[in-house]
Number of protein chains: 2
Amino acid sequence: MLDVAARLFREQGYGSVSLRKIAQVGGIKAGSIYYHFGSKDEIVLSILDAGIKAVHAEMRRAVLSQAADASAEVILRAAITAHLRALLDVSDYSSANVRIFGQVPQSVRDANLPTRRSYEAEWDSLLARLQVGGALKQNVDVRHLRLMLIGALNATLEWFDPARGSVEALAETYADVFVHGILEKQDV
Amino acid sequence: MLDVAARLFREQGYGSVSLRKIAQVGGIKAGSIYYHFGSKDEIVLSILDAGIKAVHAEMRRAVLSQAADASAEVILRAAITAHLRALLDVSDYSSANVRIFGQVPQSVRDANLPTRRSYEAEWDSLLARLQVGGALKQNVDVRHLRLMLIGALNATLEWFDPARGSVEALAETYADVFVHGILEKQDV
DNA sequence: CGCCATACCTAACAAGTGTTAGTTATGTGT
DNA sequence: ACACATAACTAACACTTGTTAGGTATGGCG
């Protein structure tokens, strides 16, 4: 049932998906939903939390599975790829989260915040580690970089089309920009 | 009246803003709105279009006002700053656009597309120019870069807080990443 | 003054929303 | 066979939504 709801939210956004619509696609009647859940907010919150946890797990796994002597660039690429894969490939929950977070009632957003913060902290600690190691430039602010990274990655949801290229290729493209920048190196 | 609507849409999103709410804040009654507009969709579309046109104008002006011999980096920084300024500082219409585009009915989104495409084309032509000039790396795909750039910039709307730093400083931070990347240069 | 367009108001409409109470079918364990 | 939990259904509720029809002030112009 949650699967159905997550898919609908991802496809149509929060406002256009009523309980009756979810119920219909799930093959039951609207009232019956209240046997499984206490309210619409509860459903939405479940989906939001599950969405973050899915990306979080994917990203954490990707980072941890790197060799001990892996370079900062390799680790970063793995994390970016994992995030994008969860978002665009694996999980309706993750994509639903990104799509509808800005549309749900404030109370639901607040309830989702702790889970969200936990994922953000994972990124912050990764980036801080790379910075202490000397690979990441000392003058970049970790919080800003994390916001920029996740923001840029999440935005792909709005236009990504698997027919035009793989998630992995897209991840490499994005990583290239973040790692090396887009301008030709000048002889200063 | 449109000003009021744009502000409410920016603040609360599409779904939570009813005609009655707009009317109330505007100091009239709901029915009276139909003297000025034909439908809610018409209002929303006006705001969406005006939003894009505002960023477009700001960005174009910023680029055109650069000296003829300005470097690619300087031009790029000006464009980025202009986009962010329109979004975070100047125009409720621009911010409303970014915030609610994904929430409005498909028909409204479609109607807004031409205006949107025109702005995208402006970026594409700028980036293509820089690439032909040799400043922008030859192997970056202009379309992808534009999607990434605008996506990253638009995402700032969700968290930017003027109390924590100026728009201009943020623009420089973002430009730094795009131009030079985030990793320390290595001796290969 | 009367005429008329402008700008608003009131009151209702049909449709859709989340939610609840009470009821019914379906199997499982004793 | 009976009891019981599970999982559904029906039908209604109170409310909000975009929208419309018809009425009412206001003020400028001949």
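Because only heavy atoms are used, hydrogens play no part in the values below, and waters and symmetry mates are left out as well, while side chains stay in. Bear in mind that the values here come from a model prediction, so they are computed numbers and not experimental data. A, B, ... follow the sequence lines: proteins, then strands. Residue 1 opens every chain.
Taking a cutoff of 4.0 Å between a charged side-chain nitrogen and a carboxylate oxygen, A/E168 and A/R85 qualify as a salt bridge. Contact check on A/R146 versus A/D141 returns no salt bridge, with no Lys/Arg side-chain nitrogen under 4.0 Å from an Asp/Glu carboxylate oxygen. For B/D92 and B/R7, the salt-bridge test fails: no basic side-chain N is under 4.0 Å from an acidic carboxylate O.
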Between the protein and nucleotides 4-8 of chain C, which nitrogen or oxygen pairs come in under 3.5 angstrom?
residue : atom : partner : partner atom : Å
C/dA7   : OP2  : B/Y35   : OH           : 3.2
C/dC8   : OP2  : B/H36   : NE2          : 2.6

For nucleotides 23-28 of chain D, which of its nitrogen or oxygen atoms have a protein nitrogen or oxygen under 3.5 Å away, and what is each distance?
none

Shorter than 3.5 Å, N or O on both sides, protein versus nucleotides 11-16 of chain D: list them out with atom names.
residue : atom : partner : partner atom : Å
D/dA12  : N6   : A/R20   : NH2          : 3.4

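Take the nearest nucleotide of DNA chain C for B/A30 and for A/K40: the residue whose nucleotide is more 5' is B/A30.
Ring centroids of A/W159 and B/H144 are separated by less than 6.0 Å, placing the two rings close together.
The ring pair (Phe, Tyr, Trp, His ring centres under 6.0 Å) search around B/Y93 returns none, not counting sequence neighbours. In this structure, B/R129 has no side chain to side chain donor-acceptor pair (under 3.5 Å) partners at least two apart in sequence or on a different chain.
Using a 4.5 Å heavy-atom cutoff, the side chains of B/L183 and A/K137 are not in contact.
Taking atom OH of A/Y14 as the reference point, atom C1' of C/dT17 lies 10 Å away to the nearest angstrom. One atom, OH of A/Y34, and another, C1' of C/dA21, lie 14 Å apart when rounded to the nearest Å. We find that CD1 of B/I33 is positioned 15 Å from C1' of C/dT10, with the value rounded to whole Å. Put simply, CZ on A/F37 is 14 Å from P on C/dG18, counting in whole angstrom units.
If you check the side chains of B/E58 and B/H83, you find no donor sitting under 3.5 Å from an acceptor. Counted by atom type alone, B/R10 and B/N97 present zero donor-acceptor pairs between their side chains at under 3.5 Å.
For the pair B/R60 and B/Y119, the cation-pi criterion (under 6.0 Å, within 45° of the ring axis) is not fulfilled.
Members clustered with A/Y35: none, using a 4.5 Å side-chain heavy-atom cutoff among hydrophobic residues.
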